[in-house]
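Shown next, in structure tokens, is the structure this report addresses.
The analysis underlying the following values was restricted to heavy atoms, covering all of them including side chains, and did not include hydrogens, waters or symmetry mates. Within every chain, numbering begins at 1; the chains are lettered A, B, ... in the order of the sequence lines, protein sequences first and strands thereafter.
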Amino acid sequence: MKAGSLGRYIAQRLLLAIPMVFILLTLLFLLLNAAPGDPVTATLGGRLPPEEIAQRKEALGLNDPLYVQYFNYMGNALTGDFGNPITDPRSVVQIVLDTAPATIELAIAAMLVAILLGITVGALSGRLRDTPFDVGGRLFGILIYAAPVFWTGLLAQLYFSVELGWLPSQQRAGGFDAPDPITGFYVLDSIITGDMAALGTVLSHLVLPAVTLGLLLGGVFIRLVRVNMLQTLRSDYVEAARARGLREHVVLFRHAFKTALIPIITIMGLQFAMLIGNAVLTEHTFTWPGLAQALVGFIGARDYAAVQGIVTFIALVIVGVSLLIDIFTGLVDPRVRY
Amino acid sequence: MTSTSTGGDNAVLEARTPLKTRLHHAWRPFRESSRISRGLIFSGLGIIAAFIALAFIGPLVYPYGGTQYRAETSPGEFTTFPELAPPSAEHWFGTTKDQFDVLARIIDGATLAFAVMALAVSIAMVVGVTLGLFSGYRGGRLDRIMVTAMDAVYAFPPLVLAIIVSFVLAAYLSPGVPSAAAAVGLVYIPQYFRVVRNHTLSVKEEPFVEAARSFGARNRTVLGRYVFFNVVQTVPVILTLNAADAILVLASLGFLGYGVQPPTPEWGYDISQAVNDVAAGIWWTALWPGLAIVLLVMALTLVGEGLNDVINPLLRARGKAGRKIKAMPMARRRDRSQRRSDAAEQDGEGLAVKVRDLRVGYRTASGPLWAVDGVSFDIKRGETVALVGESGCGKSSMGRAMLRLMPPGGVVHGQVDVDGTDVVTAPGSEVRKLRGEGVSLMFQEPMTRLNPLERVSDHFVEMIRTHKPKTAREQARALARDALVQVGIPPTRIDNYPHEFSGGMRQRVMLALSIVLTPRLIVADEPTTALDVIVESQILSLLERLRAEENVGILFITHNLGVVAEACDRVAVMYAGKIVEMGPVDEIFTNPKHPYTRGLVASTISLNTTELRSIGGYPPNLIDPPKGCRFAARCPHVMDHCTDTPPELTEVGPDQRAACFLYPGAGQPVPEGVVAPSGDPQVSGI
């Protein structure tokens, strides 16, 4: 393989991401500034004397013409400054640093559950098309997708926490149970500090939200993997592989499954958006102190500045993730690099 | 989410066909779909119908409203509902902490859900379709910007987007159905945009649009009709899946407190109100609204998925409709070992394959179809036999049957003996070992037969080590290099990926794969159809060398008679699932006996061709084949008794046999005065 081709491919993807960021941020700015009035009045109006509100508006640059605000916003966002909330003394960057690890920890755990479930059930369903296993797998996938994550979460809390008392239903490990914070990722922190008691508590808090969220995403994965397996299983090279006398499991995994994964990886980028949306609900249900929960809080407080900052951050993460997925696809699929 | 694709470019032409035909046409995929897909769709539709009844008839029938907390017992006298009462005769689903009747709230919630869903999907569709048409029609920079913007919106978390939109909308509208629908609907605009825009863009380049324009049709009429008929195929799937998703997003908004104005009955909001009940062990306030969401979303998804199964040609089940055809029973072990020792004795004959009464059947919605119907022949080692015939006569089915490589619903009957193993009745593991080692199959389409993610070397190593597990990796690679050299590919390219080769080279790689284990028989299924003449003759000379030097038997499936004359020893002519004539290549070309063979030979074009001849008519339907000779309907020599019984293959010359009543021995006496045609049909006619 030519060494330069992958590098050139990555550079190309990076260049394509620039207009994406630009347009996404512009859309967000327009959307959030479509509301009449100004954020300071909306948030603090009536609670502070008018002079102070005017002063704060001036300080936040809200008296500038819209295009000046737009350029300031874009410039700040691209240099990693997401502004300051009106109702919180911390900067948005600080809030992200404080809360994102909890969200990422939850997301990774949920993804593990989802991938394990989705890939095994989906691949087998595709292979055993229209058998009872396939119908069962599909119905399970549809059922789990149809159940709102907050409702499944409630049922899980009712059964495993209230009824059986096995697992905590709310919060991350807190107070004395929490490991000494180093990275903010509690699982990692408790392993680094060797605090096994804390690890147990941390994991027990993680189980219910992660499985709830993971099941939901897994339902989507089952459908995705199954459909792609169906398509690759009838492809010409799978028939050719059988004609060469390869063993069925080799045909299935090396030939059908591996190629079926490529569109799945691509669609994972869109699944990421779904993950964030459902993380909002999961964090809310389990009072998990993550970024999504923080966002919901700021929306409730009508804090435009904070909402704008956090949403901008999420938008940048999304572009970053889709970039990573493109690069990963390039690594796996030799055809893409050309 | 779910991949959909559109098939028909024929759709636009059908705008004027009568409605009945078109309905029949639209129903066809459903008839051909599997029972399970249909079951999914209809059970989903049933649940949706039940919910529609609940939403629109329920409020008229059920005595309580969703925000009613007391009932009038007698005029002017009210009794308030109990708080958090469990399900009872008065309150079937119980009551909430606000003294509302749970069932009444479910009913009103359903009405609201349908209203929001319908409005949201309509908003998304109208906006998405309009923007898509505009963007695709205008093209250029504006189109590029809009596509990126739509991609950006699509990549953004739908729920977060809906929250922000409802947050911004709250400044203008009081929370209610329109604002909730707008927030939910915005999320789906990109999907409609994308579908419509892609079709609009592609239609501008379609040749028949050019054609329609040149006939003076108005540009926009053509465009609109084409896009409409294509989009109509994908939109139902997107629409139902969006409707399902809309219910979930609405409930999520309600749960987070950004939906409709409390205490309007809304399932998600009701669940959020029930959060504290759950901890106290009160289950009915949270369970019912949740179940309502699950059921309705599930039903919509079932319909969407089922439709996708039916509409998307890539997902359509094959061989699942109609009556199942029974497979041949497995041979018993004693029979098999007996046969093997027989074969060892006969090896002096040097047969590559012995085929007896081979039948290949497919399961179809209108009954079993026998694509190959009672075919017998032998191929000796070191002999090339051509199998010729029109498209759809069963040639490729027969090639696959030699390896028992059947698509779902396909069945092989009869006997295919290779090296003492009967491919038809041997257990799966033995057949698998035979594939590639005893019998190799070369395919028609070189471009798609190699796994795009594996290097060429991987294909070889994997295959060699499957059949000869003790071969070391390096040894296998050496074998692979030898095989590649034989087909004229530089061994240095062994680690390239398939897409780095041209079509001709890929076909040679396929050939190298089929010879690397020196099989007894190679089945070459139109291996040169997709290639240019130079590559074709290279492949042919390679096969020729294998035949002569390695003593390989070759079954060469083709419809190109020129290639047959060049490369084959004997020819079998197939028509409608049966062999109608078989003989040495020279006889078949200079003195064919069967009228079909004569027609086939006459219709080839050579330098001596003075008059272009062809056979009129089409082959018969194999689901219900004619009782007598299958060629009778098209035969210029047809006689009365031809349509009564099928003719049998009979000796018509040295080593030449034909199945035709023009010759004695075919099963019926030849009537007096009937003279069989002879000589070169290009000269003497069919």
Measure the shortest side-chain to side-chain distance between A:Val149 and B:Leu248 over non-hydrogen atoms and say whether it is less than 4.5 angstrom. no
Which heavy-atom pair separates B:Arg432 from A:Leu246 by the least distance, and what is that distance? CD-O, 3.3 Å
Below 4.5 Å, heavy atoms only, C-beta onward: do B:Pro157 and A:Ile318 meet side chain to side chain? yes
Atom group of B:Val249 that falls short of 4.5 Å from chain A, counting heavy atoms: neither
Ring geometry between A:Phe150 and B:Phe255 (parallel below 30°, tilted from 30 to 60°, perpendicular above 60°): parallel
Go through B:Leu517, B:Asp458, B:Leu161, B:Ile164 and name the one with the most non-hydrogen pairs under 4.5 angstrom from chain A. B:Ile164
Hey, could you give me the OG1/CD1 distance between B:Thr148 and A:Ile23, rounded to the nearest 0.5 Å? 4.5 Å
Between A:Val21 and chain B, with a heavy-atom cut-off of 4.5 Å, which part of the residue counts as in contact: side chain, backbone, both or neither? neither
Could you tell me which of B:Met510, B:Arg400, B:Arg144 has the largest number of non-hydrogen atom pairs under 4.5 Å with chain A? B:Arg400
Contacting region of B:Arg465 [heavy-atom separation from chain A under 4.5 Å]: neither
Locate the shortest heavy-atom distance separating A:Leu281 from B:Ser252; write the atom from each residue and the value. CD1-OG, 3.3 Å
4.5 Å side-chain heavy-atom contact, A:Pro148 and B:Ile247: no
Atom CD1 in A:Ile142, atom CG in B:Leu300: separation rounded to 0.5 Å? 11.0 Å
For the CZ atom on A:Phe22, are there more than 12 heavy atoms of other groups (residues, nucleotides or ligands in this structure) within a distance under 6.0 Å? no
B:Lys433 versus A:Arg247: any side-chain heavy-atom pair under 4.5 Å? no
Any idea which of B:Pro452, B:Ser272, B:Ser514 has the most non-hydrogen atom pairs under 4.5 angstrom with chain A? B:Pro452
Within the structure provided, determine whether A:Ile276 and B:Leu159 are in side-chain contact (heavy-atom separation under 4.5 Å). no
Under 4.5 Å from any heavy atom of chain A, what part of B:Leu295 do you find: side chain, backbone, both or neither? neither
Residue, of A:Val280, A:Ile314, A:Val307, A:Val311, that accumulates the most heavy atom pairs under 4.5 Å with chain B: A:Val311
Minimum heavy-atom distance between A:Ala243 and B:Leu441, given as atom pair plus value: CB-CB, 4.2 Å
Report yes if the side chains of A:His255 and B:Leu453 come closer than 4.5 Å at any heavy-atom pair, otherwise no. no
Any donor-acceptor pair under 3.5 Å from A:Trp151 side chain to B:Ala286 backbone: yes
Given that the side chain runs from C-beta out, which part of A:Leu16 has a heavy atom under 4.5 Å from chain B: side chain, backbone, both or neither? neither
Proximity breakdown for A:Ile144 and chain B, heavy-atom pairs closer than 4.5 Å: neither
Calculate, to the nearest 0.5 Å, the distance between atoms CG and CG belonging to A:Asp236 and B:Asn451 respectively. 12.0 Å
Hey, is the main chain of A:Arg244 close enough, under 3.5 Å, to the side chain of B:His467 for a donor-acceptor pair? yes
Can you tell which part of B:Ser440 gets under 4.5 Å to a heavy atom of chain A, answering side chain, backbone, both or neither? neither
Which atoms of A:Arg254 approach chain B - backbone, side chain, both or neither, heavy atom under 4.5 Å: both
B:Asp245 and A:Tyr145, any side-chain heavy atoms less than 4.5 Å apart: yes
Which answer fits B:Ile293, side chain, backbone, both or neither, if we ask what part of it has an atom under 4.5 Å from a heavy atom of chain A? both
Side chains of A:Val296 and B:Tyr258 in contact at under 4.5 Å (non-hydrogen atoms): yes
Identify which of A:Ile299, A:Thr259, A:Leu139, A:Leu24 forms the greatest number of heavy-atom pairs closer than 4.5 Å to chain B. A:Ile299
Under 4.5 Å to a heavy atom of chain B? For A:Val135 that would be side chain
Backbone N/O of A:Tyr237 and side chain of B:Arg449: donor-acceptor pair under 3.5 Å: no
If we define contacts as heavy-atom pairs under 4.5 Å, which of B:Val153, B:Val160, B:Leu287, B:Asp495 has the most with chain A? B:Leu287
side-chain contact (heavy atoms from CB on, under 4.5 Å) for B:Thr466 and A:Val250? Distances and angles first, verdict last. CA-CA 10 Å; B:Thr466 303; A:Val250 176; 5.7 Å; no
Taking all non-hydrogen atoms of both residues into account, name the closest pair between A:Met20 and B:Ala152 and its distance. CE-CA, 3.7 Å
If I measure from the heavy atoms of chain A, does B:Leu40 come under 4.5 Å with its side chain, its backbone, both, or neither? side chain
Using heavy-atom distances under 4.5 Å, tell me whether B:Phe443 contacts chain A through its side chain, its backbone, both, or neither. side chain
Of the listed B:Asn496, B:Ile271, B:Leu403, the one with the largest count of heavy-atom pairs under 4.5 Å with chain A is B:Ile271
Heavy-atom distances under 4.5 Å only: say whether B:Glu462 touches chain A with side chain, backbone, both or neither. both
With a 4.5 angstrom heavy-atom cut-off, could you sort out which part of A:Leu27 is near chain B: side chain, backbone, both or neither? side chain
